[in-house]
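Read the structure below first, then the notes.
Labels below follow one simple rule: chain letters A, B, ... track the order of the sequence lines, proteins then strands, and each chain is numbered from 1. None of these values were measured; they are calculated from a predicted model.
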Amino acid sequence: MAHRIAYLVSALNIQPHRILAVTFTNKAARELRERCERILGAPAGGLAVRTFHSFCAQLLRIDGALAGLQPNYSIYDDDDQERMVRRVLEEFEIDPKRFAPRAVLAAISDAKNQMIEARQYAAGPGSYFEEIVARVYRRYQELLLAANAVDFDDLLLVTHRLFESSPEVLEKYQARFKHLLIDEFQDTNALQFGLARMLAAGHHNICVVGDPNQSIYSWRHADPRNMLDFKRVYPNARTVTLDQNYRSTQTIIEAAAALISHNKGRLPNDLWTENDKGAPVVIGEAYDEEEEARLVVQEVERLVQDDQVPRSAMAAMYRVNAQSRALEVACNRHGIPYQLVGGLKFYERREIRDVLAYLRVVSNPADDVSLERVINVPARGISDRTVTALKNTAARHGLSMFEAIARRLDPEVGVAEAVNKRAMTALETFSATIQELVARSFDLAPTDLIDFVLDRTGYKRFIEQDEETREERWENILELRASAAPYDGADTHERLWDFLSNVSLVSDVDTMDGNASDALTLITLHQAKGLEYDAVFMLGLEEGLLPHSRSMEDPMQLEEERRLCYVGMTRARKRLYMLRSFKRGFRGGGLPTLPSRFLDELPRSHISGGRAQTRHDARRAEPFRDPASLRRAAATPLPASTGPRDTYTAGERVRHSVFGEGVVVSCTASHGDFELTVAFAGNGVKRLMQSYAKLEKVPRAG
DNA sequence: TTCCCCACCCATTGG
DNA sequence: GGGTGGGGAA
């Protein structure tokens, strides 16, 4: 894409601002721009490189009025959406336990992505659940509109509708963008392709890049059929097969190809490379997550020392965020710098959301969800009761909560009758505070406004009250404040809007530190799409994790899990490690695991280590090759009556004079003695006879 | 009205 | 393990 853009600009004299390139993340957008500029040897002024969401957000900022949006509109994320749905359920007196807000929301999101609006949804025949969804959907949209807010789906949907209903808006953008390029096309959804088609309608200068084998976002409505449809929609399109791989070793490419060949519904796409054969893919097996993480850390350090691979060129990848924990612990223990991508997301932290909610209320007082979030944070005498009464009163008069508060003395609205006297005083103070913030928001730069908010709302004092958390929370707030600094320069009210919408649209990969720091990257397989590393460690290659248990029933979803595995493997330039552990933590305890079927799908000739041979000889690890016996062993402690007094149960910690500390995996009666399977920290799994082993029990720490 | 504690429920992936 | 909602005390 970078070369095509550079070619358009330098060879065909297309002005950069006539080109719109769409990427999957803001980070990819940044990188693409940089690459273009490097090739061109000049700044590509005006070149638009955006994600679909940020493109739409900006468009709606400018032209949203035709769709009923004020330019200061709020963007609602998952949490905000759920609060909104809960409010609707409350209004309709629907039990949120019976109709889970998340499920209702998922149904609404599905509908939106099929471009089914609330009214049409209601018209379709449906189950009882769908009837509920239809009612909620409709009211949800009403409330969003009243709050001058959109959700993520709406960013696309409203823009799409705007293009349909207001040809002059579409024409404006068609007239500006003469060339359209889209990256990661296999993960676009129907709405996005729809937008692209409309934008390219006049000139058909549209170029998309995608790999169907890397389609991993169908759960977010990505539709890999877009790849096939593209050729149908544009019969004259030229397909260029990019099957030479410049990134990975032959071994990695072939192993990944072997894996993905197990997918049925697949276009042939045979990668090849001129790169070296390279090292075999290393299959590693660990006793538990702790050991698995330690294997990674040790190998990372070995590669740093022996092969001079910088830590920043290595990444540990996993299926679910919870897996990062063991890695973090191991890194901390061994003093390895790491950077965690995603996880407990910065913008989901309470203090961050609270401060942002204040800013949103200031920027868009109609934003009821944000207002409700902060109306009594810190506690200022406005109880849930009062809030409910206020909400109902506001709803009756078609007012926002903020308006209702502002008009609390108006007998026609009747707030005074609905809430008690003390609450009226509290509302008055709150109202005055917000009014003051709104007034100052016009002349204060975003960082100064944040300071002002922290001071005037008492939020700073509120944070400082909690001795345990105040340091961390305050640091987070300072980080948020720092992220607002780049917006201080601009000199209109828009800088606050820009800051807030940017905050809503950043992803975790966007904030990743590139190669600057010497840190190991910890990242989910999904987020790793589009990235590459010299060495990649994939963890948790176990049935139920990769493939994930939620995706194992449905063949389509299983294929997506395989693609996810493929994405992970193909992130590696030189070295690839695929690890599993025999035991996986789950709800506190640990459960035995089965190796991922994906490991079986790798060609034996391309792997080293592997089944039970990585760190211990095969014979010793033998019991693990029969998962059923393992499960039995781990789950059934020996009946106490049959053995000597001092026997062992699975999970107990023991110390051995040579092997050190370990955990008992199983203990079974055998030839009048007891056969113990013990996993030793650092020394692997051993089978021991109790009468010879001289074990001592170690009291559980904590 | 606020705060604290405990019981209970839930659990992929993310712009 | 974590978040939350309900109940009760201050």
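Nearest-nucleotide positions on DNA chain B for A:Asp153 and A:Ala423 put A:Ala423 closer to the 5' end. If A:Glu560 and A:Ser383 are placed on DNA chain B by their nearest nucleotide, the residue sitting closer to the 5' end is A:Ser383.
If you take CG of A:Asp384 and C1' of B:dC3, they are 13 Å apart, rounded to a whole angstrom. Between A:His221 atom NE2 and B:dT13 atom C1' the separation is 13 Å, expressed in whole Å. Between the CD atom of A:Gln192 and the P atom of B:dG15 there is a distance of 13 Å, given to the nearest Å. One atom, CZ of A:Arg349, and another, P of C:dG3, lie 12 Å apart when rounded to the nearest Å. If you measure from atom CZ of A:Arg98 to atom C1' of B:dC9, you get 18 Å, rounded to the nearest angstrom. Separating the CG atom of A:Asn113 from the C1' atom of B:dG14 is a distance of 13 Å, rounded to the nearest angstrom. If you take CD of A:Glu82 and P of C:dG3, they are 14 Å apart, rounded to a whole angstrom. Across the protein-nucleic acid pair, A:Arg350 atom CZ and C:dT4 atom P stand 9 Å apart, rounded to whole Å.
The backbone N or O of A:Arg349 lies less than 3.5 Å from no partner atom in the side chain of A:Asn476, so there is not a single donor-acceptor pair. A distance-only check finds a donor-acceptor pair linking the side chain of A:Asp187 to the backbone of A:Tyr217 [under 3.5 Å]. Looking at A:Glu560, its side chain does come within 3.5 Å of a backbone N or O of A:Ser218 through a donor-acceptor pair. Not one N or O on the side chain of A:Asp154 forms a donor-acceptor pair closer than 3.5 Å with the backbone of A:Val158. Of the possible donor and acceptor atoms, none in the side chain of A:Arg562 sits under 3.5 Å from a partner among the backbone N and O of A:Leu558.
The A:Arg325 side chain lies nearest to C:dG2 when the options are B:dT13, B:dG15, C:dG2. For A:Arg220, counting side-chain heavy atoms from C-beta on, the closest listed nucleotide (B:dT13, B:dG14, B:dT1) is B:dG14. Distances from the side chain of A:Asp78 to the nucleotides C:dG1, B:dG15, B:dT12 place B:dG15 closest. Among B:dT13, B:dC3, B:dG15, the nucleotide with an atom closest to any side-chain atom of A:Ala379 is B:dC3.
Residue A:Gln527 places at least one side-chain N or O under 4.0 Å from the OP1 or OP2 atom of B:dG14. Within the 4.0 Å cut-off from OP1 or OP2 of B:dG15, not a single side-chain nitrogen or oxygen of A:Asn26 is found. One finds a side-chain N or O of A:Asn420 lying less than 4.0 angstrom from the OP1 or OP2 phosphate oxygen of B:dT1. Dashed line: the shortest gap from a side-chain N or O of A:Asn321 to OP1 or OP2 of B:dA11 is not under 4.0 Å. At B:dT2, one or more side-chain N or O atoms of A:Asn376 fall inside 4.0 Å of OP1 or OP2 (strictly under the cut-off). Between A:Thr386 and B:dT1 there is a side-chain polar atom (N or O) within less than 4.0 angstrom of OP1 or OP2. Taking 4.0 angstrom as the limit, A:Thr524 places a side-chain polar atom (N or O) nearer than this to OP1 or OP2 of B:dG14.
Residue ring and nucleobase are stacked for A:Phe152 and B:dG15, with a centre distance beneath 5.5 angstrom and an angle between planes beneath 30°. Ring-to-base geometry places A:His548 in a stacked arrangement with B:dT12 (centre distance under 5.5 Å, plane angle under 30°). Using a 5.5 Å limit on the distance between ring centres and a 30° limit on the angle between planes, the aromatic ring of A:Trp219 counts as stacked on the six-membered base ring of B:dT13.
A:Lys391 and A:Glu90 are joined by a salt bridge, as a carboxylate oxygen and a charged side-chain nitrogen come within less than 4.0 angstrom of each other.
Heavy atoms of A:Phe52 sit nowhere under 4.0 angstrom from any nucleic acid atom. Residue contacts shown for A:Arg380 are limited to sugar-phosphate atoms, with no base heavy atom under 4.0 Å away.
Geometrically, A:Arg61 engages A:Tyr73 in a cation-pi contact, judged by NZ or CZ lying under 6.0 Å from the ring centre and within 45° of the ring axis. For the pair A:Arg197 and A:Phe193, the distance from NZ or CZ to the six-membered ring centre is under 6.0 Å and the angle to the ring normal is within 45 degrees.
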Legend entry - 5'-to-3' dot-bracket of DNA chain B (Watson-Crick, G-U; under 3.5 angstrom; crossing pairs as [ ]; | other strand): ||||||||||.....
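Listed by first then second residue, pairs satisfying salt bridge (Lys or Arg N to Asp or Glu O under 4.0 Å) with a partner in residues 543-559 of chain A read A:Glu543-A:Arg597, not counting sequence neighbours.
One cannot find a donor-acceptor pair under 3.5 Å joining the base of B:dT12 and the side-chain atoms of A:Arg550.
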